[in-house]
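Report on one structure; see the data block that follows.
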Amino acid sequence: ERIAGRNSVLLPGFVDMHTHLREPGREDTETIASGSAAAALGGYTAVFAMANTDPVADNSTVTDNVYRTGREVGLVDVHPVGAVTVGLQGKQLAEMGMMAAGAAKVKMFSDDGKCVDDPLLMRRALEYAKGLDVLIAQHAEEPRLTVGALAHDGPTASRLGLAGWPRAAEESIVVRDALLARDAGTRVHICHASTEGTVELVKWAKAQGISITAEVTPHHLLLTDARLETYDPVNKVNPPLREERDNLALRRGLADGTIDCVATDHAPHAAQEKCCEFSVARPGMLGLETALSIVVETMVNTGLLDWRGVAKVMSERPAQIVGLTDQGRPIAVGEPANLTVVDAEASWTVTADDLASLSRNTPYADMTLPATIRATVLRGAVTAYEGSVRR
Ligand code: DOR
Ligand code: ZN
Ligand code: ZN
Ligand code: ZN
């Protein structure tokens, strides 16, 4: 099959360590099929489906079902993430070993969606994970420091009376779990790093020899809390949009390897959950179909990363961190390839209604963004081509 064209950049297929697919439970906002289509169109060949579904993915029945449905859809490899606890804010560790041993071979466990704030529970989770050689991904929120529903932070948020989620709520957990990982002799991964302080703390922890890794979302690289001026709930997200100095620190951290990779935190929500008052709207933004463009805008067009660096942060590092051996690496001759072809010179205007996601909560509606995905190839088969999925 001929795919090539002018200005094409060939990259290893993207790997998203952080996607909310909403199945089971909220198939009105996203399904494994619709989310897989969005992923393929965004250049992804593997996604990690977060555990805050209904029921919660805290047992192998749920994780194996998500895995099997992903295989049936066949557009992207769907790797379920297990919940660390039974229930989202449970007081008891989930049977991680059972999920790791199931058909899905769960490799990562997370408290995303609701933080496990109990330090002893996290200590035990890290010790358990070490024995299983699986990764704990930390949502990094100390809920006792946040004003729940408001959940924002920064000068605009404060002036508007929306401030609720201070930097300390994130950074205190980053320090705590870096130290817990050190003492347990195991790894910890920080989800959606959003502050300058988190970048400094991760840098410090890595310098101590602690096995810590971190991801940043496209929206935390680009957007600031100045967006809250309009009270548009599309800008409500956890952790909140912060300040320009945070964008810049996260970009520098991603460029120098302190922050390991980009993860979307793709979080679809129904229109009625995003049209209401700011304080009651659900947090979260779509991310899969726009991620590469935002990385080009913030990292390539600013001279912070070259295309080699894009391959690293979108594919190689996430594949290494989670232990995917079939992604994020060069292809041997004759081996079925996982790859993404980017048109580096093209641009496109985001139309919410044209996205493959079942939800419409993109913060980039009507914005013109650089770079398009020309094609995505999963194990040698084209899954997306020129903006359409191939089934
Ligand atoms: O904004 C967010 N939305 N952050 C999270 O941690 C969870 C996610 C969701 O599930 O909607
Ligand atoms: Zn989260
Ligand atoms: Zn947490
Ligand atoms: Zn999330």
Side-chain angles (χ1 to χ4, degrees), residues 16-26 28-30 35 48-54 56-57 81 83-85 87-91 93 108-126 129 135-146 148-153 164-165 169-178 180-181 188-195 198 212 214-220 223 233-242 263-270 273-274 278 280-288 357-359 361-363:
D16 189 11
M17 287 184 71
H18 193 149
T19 313
H20 296 273
L21 291 181
R22 306 300 191 214
E23 181 177 348
R26 284 305 305 270
D28 59 317
T29 62
E30 200 78 289
F48 284 78
M50 279 295 172
N52 61 338
T53 49
D54 182 13
V56 173
V81 177
V84 174
T85 56
L88 256 190
Q89 241 174 342
K91 293 290 167 214
L93 291 183
M108 172 162 58
F109 295 85
S110 172
D111 63 350
D112 194 60
K114 277 275 182 295
C115 198
V116 175
D117 55 335
D118 178 349
L120 180 57
L121 201 58
M122 191 48 77
R123 180 187 143 197
R124 292 179 52 229
L126 288 163
L135 181 69
I136 299 287
Q138 169 56 265
H139 167 79
E141 170 204 355
E142 167 54 272
R144 287 167 297 193
L145 286 173
T146 64
L150 298 179
H152 274 75
D153 175 50
W165 183 315
E170 173 171 322
E171 293 162 15
S172 59
I173 298 280
V174 172
V175 174
R176 186 197 76 181
D177 286 7
L180 289 175
V188 68
H189 178 74
I190 304 299
C191 296
H192 43 51
S194 76
T195 74
T198 292
I212 190 168
E215 67 189 32
V216 62
T217 69
H219 47 273
H220 289 111
L223 307 178
V234 80
N235 297 308
K236 183 169 178 174
V237 65
N238 288 347
L241 301 180
R242 300 193 191 267
T264 66
D265 199 6
H266 178 81
H269 288 297
E273 293 163 337
K274 276 293 195 183
F278 197 91
V280 297
R282 293 280 183 96
M285 307 175 157
L286 300 184
L288 286 169
S357 171
L358 291 183
S359 292
N361 55 308
T362 175

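All ligand and atom numbering here is 1-based and tracks the order in the structure. Computed from a prediction, not measured in an experiment: that's the story for all the values here.
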Original post:
Which residue owns the protein heavy atom closest to atom 8 (C) of ligand 1, what's the atom, and how far is it?
Top reply: H20 NE2, 3.6 Å
Original post:
Among protein heavy atoms, which lies nearest atom 1 (O) of ligand 1, and at what distance?
Top reply: N238 N, 2.9 Å
Indicate whether the side chain of [X] and that of [Y] have a donor and an acceptor atom separated by less than 3.5 Å.
X    : Y    : value
D112 : H139 : yes
T195 : E171 : yes
T198 : E170 : yes
D265 : H18  : yes
N238 : H192 : no
H266 : D16  : no

Original post:
So is H219 in contact with ligand 1, going by heavy-atom distances below 4.0 Å?
Top reply: no
**OP:** Return yes when H269 approaches ligand 1 closer than 4.0 angstrom through a heavy atom, no otherwise.
**Re:** yes
**OP:** Within a distance under 4.0 Å of any heavy atom of N52, pick out the atoms of ligand 1 and give their elements.
**Re:** 9 (C), 10 (O)
**OP:** With heavy atoms of V237 as the reference, note each atom of ligand 1 found under 4.0 Å away.
**Re:** 1 (O)
Note: [X]-[Y] ion pair, threshold 4.0 Å (strictly below):
X    : Y    : result
E30  : R22  : no
E273 : R26  : yes
R144 : D117 : yes

Select one of side chain, backbone, both or neither to describe which atoms of [X] lie under 4.0 Å from any atom of ligand 1, heavy atoms only.
X    : result
H139 : side chain
R22  : side chain
H192 : side chain

Original post:
Hey, is ligand 1 close enough to P283 that some N/O pair sits below 3.5 Å?
Top reply: yes
**OP:** Output yes if D265 passes the N/O/S-under-2.8 Å test against the Zn ion (ligand 2); output no otherwise.
**Re:** no
Original post:
Is H139 close enough that one of its N/O/S atoms sits under 2.8 Å from the Zn ion (ligand 3)?
Top reply: no
Original post:
Would a 4.5 Å heavy-atom cut-off, applied to side chains only, mark P24 and D54 as touching?
Top reply: no
Original post:
Relative to the Zn ion (ligand 3), which of the N, O or S atoms in D111 is the closest?
Top reply: OD2
Original post:
Quick one: angle H192 NE2 - the Zn ion (ligand 2) - D112 OD1, to the nearest 10°?
Top reply: 110°
Original post:
Given SG of C115 on one side and OE1 of Q138 on the other, what angle do they make at the Zn ion (ligand 3), to 10°?
Top reply: 120°
